[in-house]
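These values consider heavy atoms only, across backbone and side chains, with no hydrogens, waters or symmetry-generated copies.
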Amino acid sequence: MNKNFLIALTGLVLVIYGSSVIATKNTIYYYTTSETNSIEDKSQRLKLGGFVMEDTIGKENSYTKFKITDGNIEIQIMFDGFIPDLFQENMGVILDGKFEGDTFFADDMLVKHDNEYISNDGESYKVENYEK
């Protein structure tokens, strides 16, 4: 085989291997509330998703306290961070944090919303294609 080909192949293998190691170490896994039973190390940082339950939003010290569920399992959340404007009951959220016991302490939140916009005059629009 050609010496240059072997050098290029070795370099390519090293780049692919290095990229996969970096990606593995920087991955934060996303779990639903039902999947939390399968987590072996709950002290690791992870992303947790579910829907905010009705009548559970409150304040406790500097934390915003609420529960989320996926319809099966409820998890108590203690959130210490910026509350997005779209945060409300029955809204989907993805939280970034870690468990301490059975409570999930989060410091970052994404709110999941649909692609429908309702204007002040009551007309609704679909965001994807700008139709009424």
Side-chain angles (χ1 to χ4, degrees):
M1 283 196 167
N2 189 348
K3 184 178 178 182
N4 290 335
F5 176 74
L6 288 175
I7 291 172
L9 183 61
T10 303
L12 181 63
V13 168
L14 288 174
V15 168
I16 292 171
Y17 175 75
S19 298
S20 66
V21 168
I22 290 170
T24 302
K25 290 184 178 183
N26 291 324
T27 301
I28 297 176
Y29 298 99
Y30 168 75
Y31 296 92
T32 64
T33 57
S34 293
E35 292 172 331
T36 58
N37 291 333
S38 65
I39 300 173
E40 293 177 18
D41 181 14
K42 286 194 172 185
S43 65
Q44 70 180 346
R45 192 160 177 84
L46 56 96
K47 290 188 182 289
L48 179 65
F51 290 92
V52 179
M53 296 178 62
E54 290 183 17
D55 302 322
T56 62
I57 301 173
K59 291 293 266 182
E60 185 174 307
N61 301 323
S62 65
Y63 291 99
T64 302
K65 180 179 175 181
F66 57 95
K67 288 184 179 181
I68 64 170
T69 186
D70 63 356
N72 297 316
I73 294 177
E74 302 172 3
I75 295 179
Q76 182 67 51
I77 306 296
M78 299 296 277
F79 179 72
D80 184 25
F82 174 74
I83 303 287
D85 291 336
L86 294 174
F87 177 74
Q88 62 186 346
E89 296 175 342
N90 299 315
M91 186 65 75
V93 294
I94 299 174
L95 301 157
D96 194 1
K98 62 182 180 176
F99 278 98
E100 290 182 20
D102 291 332
T103 303
F104 190 76
F105 285 83
D107 55 18
D108 192 26
M109 178 190 314
L110 295 172
V111 176
K112 297 167 60 178
H113 59 86
D114 59 12
N115 288 331
E116 189 172 340
Y117 170 76
I118 300 175
S119 65
N120 291 337
D121 63 0
E123 294 238 24
S124 65
Y125 301 86
K126 292 184 179 179
V127 175
E128 304 97 31
N129 51 12
Y130 304 103
E131 292 179 4
K132 286 188 180 180

Short N-O contact, Asp107 and Arg45, less than 4.0 angstrom:
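Yes, charged N to carboxylate O under 4.0 Å.
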Any side-chain heavy atom of [X] sitting closer than 4.5 Å to one from [Y]?
{"X": "Ile73", "Y": "Glu35", "result": "no"}
{"X": "Ser19", "Y": "Val15", "result": "yes"}
{"X": "Ile77", "Y": "Val93", "result": "no"}

To the closest 0.5 Å, what do you measure between [atom1] ([X]) and [atom2] ([Y])?
{"X": "Thr33", "Y": "Asn72", "atom1": "OG1", "atom2": "CG", "value": "7.0 Å"}
{"X": "Phe104", "Y": "Leu48", "atom1": "CZ", "atom2": "CG", "value": "5.0 Å"}
{"X": "Thr36", "Y": "Asp102", "atom1": "OG1", "atom2": "CG", "value": "9.0 Å"}
{"X": "Ile94", "Y": "Thr32", "atom1": "CD1", "atom2": "OG1", "value": "11.5 Å"}
{"X": "Met109", "Y": "Asp80", "atom1": "CE", "atom2": "CG", "value": "11.0 Å"}

Under 3.5 Å, is there a donor-acceptor pair between the side chain of Thr103 and the main chain of Gln76?
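It does not hold such a pair.
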Does any N or O in the side chain of Asp70 come within less than 3.5 Å of the main-chain N or O of Ser34, such that one atom is a donor and the other an acceptor?
yes
Hydrophobic cluster membership, [X] vs [Y], 4.5 Å side-chain cutoff:
{"X": "Phe51", "Y": "Leu86", "result": "no"}
{"X": "Ile68", "Y": "Met91", "result": "yes"}
{"X": "Tyr31", "Y": "Leu95", "result": "yes"}
{"X": "Met78", "Y": "Phe99", "result": "no"}

Kindly check if the number of other-residue, nucleotide or ligand heavy atoms within 6.0 Å of CG (Asn37) is above 12?
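Enclosed.
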Closest approach of Leu46 to Asp96 (non-hydrogen atoms, all atoms of both residues)
O-OD1, 3.4 Å
Nearest non-hydrogen partners of Val52 and Gln88, listed with the distance
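Distance-wise, the nearest heavy atoms are CB-O, 3.6 Å.
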So, Asn90 versus Glu54: side-chain donor-acceptor pair below 3.5 Å or not?
yes
Can you check side-chain contact (heavy atoms from CB on, under 4.5 Å) on Asp55 and Met53, steps first, answer last?
CA-CA 7 Å; Asp55 302 322; Met53 296 178 62; over 6 Å; no
Could you give all pairs that pass the ring pair (Phe, Tyr, Trp, His ring centres under 6.0 Å) test and reach residues 70-93, with sequence neighbours left out?
Phe66-Phe87
